[in-house]
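First the structure, in the form of structure tokens, and then the observations on it.
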2 protein chains.
Amino acid sequence: MAGDVFDKNCPSRGVLEHVTSRWGVLVLAALGERELRFGELHRRIGGVSQKMLAQTLRTLADDGFVERTVIPAAPPQVSYRLTETGEQVAGHVVGLVGWIEQHLPEILAAREATPAR
Amino acid sequence: MAGDVFDKNCPSRGVLEHVTSRWGVLVLAALGERELRFGELHRRIGGVSQKMLAQTLRTLADDGFVERTVIPAAPPQVSYRLTETGEQVAGHVVGLVGWIEQHLPEILAAREATPAR
DNA sequence: CCGTATCCCACCAGATACTG
DNA sequence: CAGTATCTGGTGGGATACGG
């Protein structure tokens, strides 16, 4: 009943791609810190367009990782937070991202060492 | 000196994209189990083309996560294994992938629950 | 067996403009 | 503020064929 990502027809592939998508990772990492509004997310995640942010939030919401809350007001406010399962995936993502940030120097050093190509 | 993935100009972005790329995740997960030859990787990771597998292995090797070993023989053998830092990233990736495989049922259930769009 | 070389295209994603 | 609409192009990635 569990998935197998090595099987090209397994639906876990899709989920994995949503989570590890270019902006998906960063959205999960950002929401892993705290609940954020659309505009806050937009500012927090450098370089993301409104279009891609909205699209990414939608697929993550569809998979049940993110919850969207509309606060009726003028101007309107929409807030995003992780669901319970969202917290769990985000935990793994945050761990991965944190590791990369920490070890960036040695990775860049390895790249320098790469001979001509 | 550490990276910041939320900064669009930080090089950690590039590393993150290599690691979380469509095939990068699966290569790391596969090599997390054991050292594998090119052909074995090709069979293990369903749906990957030779081109993308070679390309992915190259960028992961450049970042110092994977080591390529040529065994002179006829027919030639080329083996891939994780480096020490590679073991560490792969650990996080394996954790993430494993979580998704385990919780696939509830994620799919959440999708079903998604109203019309 | 382990790749590289070419060709080609879908679609991901950016830019810009517009709306409730 | 929080999006959607439209247009457009770059590139990730597939198919096929060939070479060491």
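Quick note on labels: first sequence line is chain A, next is B, and so on, each numbered from 1.
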Between Ala90(A) and Leu28(A) the two heavy atoms that sit nearest each other are CB-O, 3.8 Å
Checklist entry - Does a side-chain heavy-atom distance below 4.5 Å link Val48(B) with Leu26(B)? => result no
Rounded to whole Å, the NE2-C1' distance (His18(A) to dC12(C)) equals 13 Å
Checking dA13(C), dC1(C), dG13(D) against the side chain of Arg22(B) (C-beta onward), the nearest is dG13(D)
Would you say Glu67(A) and Leu82(A) make side-chain contact, with heavy atoms under 4.5 Å? no
Between CZ of Phe38(A) and P of dC1(D) the distance, given in whole Å, is 11 Å
Can a side chain N or O of Arg37(B) be found less than 4.0 Å away from OP1 or OP2 on dG3(C)? no
Pairs under 3.5 Å (Watson-Crick or G-U), crossing ones as [ ], inter-strand ones as |: DNA chain C comes out as |.||||||||||||||||||
Atom NZ of Lys8(B) and atom P of dA13(C) are separated, to the nearest Å, by 16 Å
Picking from dC2(C), dG14(D), dC1(D), the nucleotide nearest the side-chain atoms of Pro75(A) would be dC1(D)
Worksheet item: Is Lys51(B) side chain donor-acceptor paired with the dG3(C) base, going by distance under 3.5 Å alone?
Response: no
In terms of heavy-atom contacts, does CD of Glu84(A) have more than 12 from other residues, nucleotides or ligands at under 6.0 Å? no
**Report entry** Pairwise side-chain contact, Arg37(B) with Val78(B), heavy-atom cut-off 4.5 Å (strictly under)
**Finding:** no
When Gln77(A) and Met52(B) are each assigned the nearest nucleotide of DNA chain D, the 5'-most assignment goes to Gln77(A)
From CG of Leu41(B) across to P of dC2(C) the rounded distance in Å is 10 Å
Whole-Å distance, Arg44(A) CZ to dA2(D) P, equals 17 Å
To the nearest angstrom, the CD-C1' distance between Gln50(A) and dG20(C) comes to 14 Å
Atom CD of Gln55(A) and atom P of dA5(D) are separated, to the nearest Å, by 12 Å
Q | Ser79(A)/Glu35(A) under side-chain hydrogen bond (donor to acceptor under 3.5 Å, both in side chains): CA gap, chis, key distance, verdict | A | CA-CA 7 Å; Ser79(A) 196; Glu35(A) 178 170 1; 2.8 Å; yes
Residues 86-97 of chain B vs side chain to side chain donor-acceptor pair (under 3.5 Å), sequence neighbours excluded, gives Trp99(A)-Gln88(B)
Quiz prompt | Residue-phosphate contact under 4.0 Å: Ser49(A) side-chain N/O, dA13(C) OP1/OP2 | solution = no
Ile71(A) CD1 to dA2(D) P, in whole Å, measures 9 Å
(request) Please state whether the phosphate of dG3(D), meaning OP1 or OP2, lies under 4.0 angstrom from any side-chain nitrogen or oxygen of Arg68(A). (result) yes
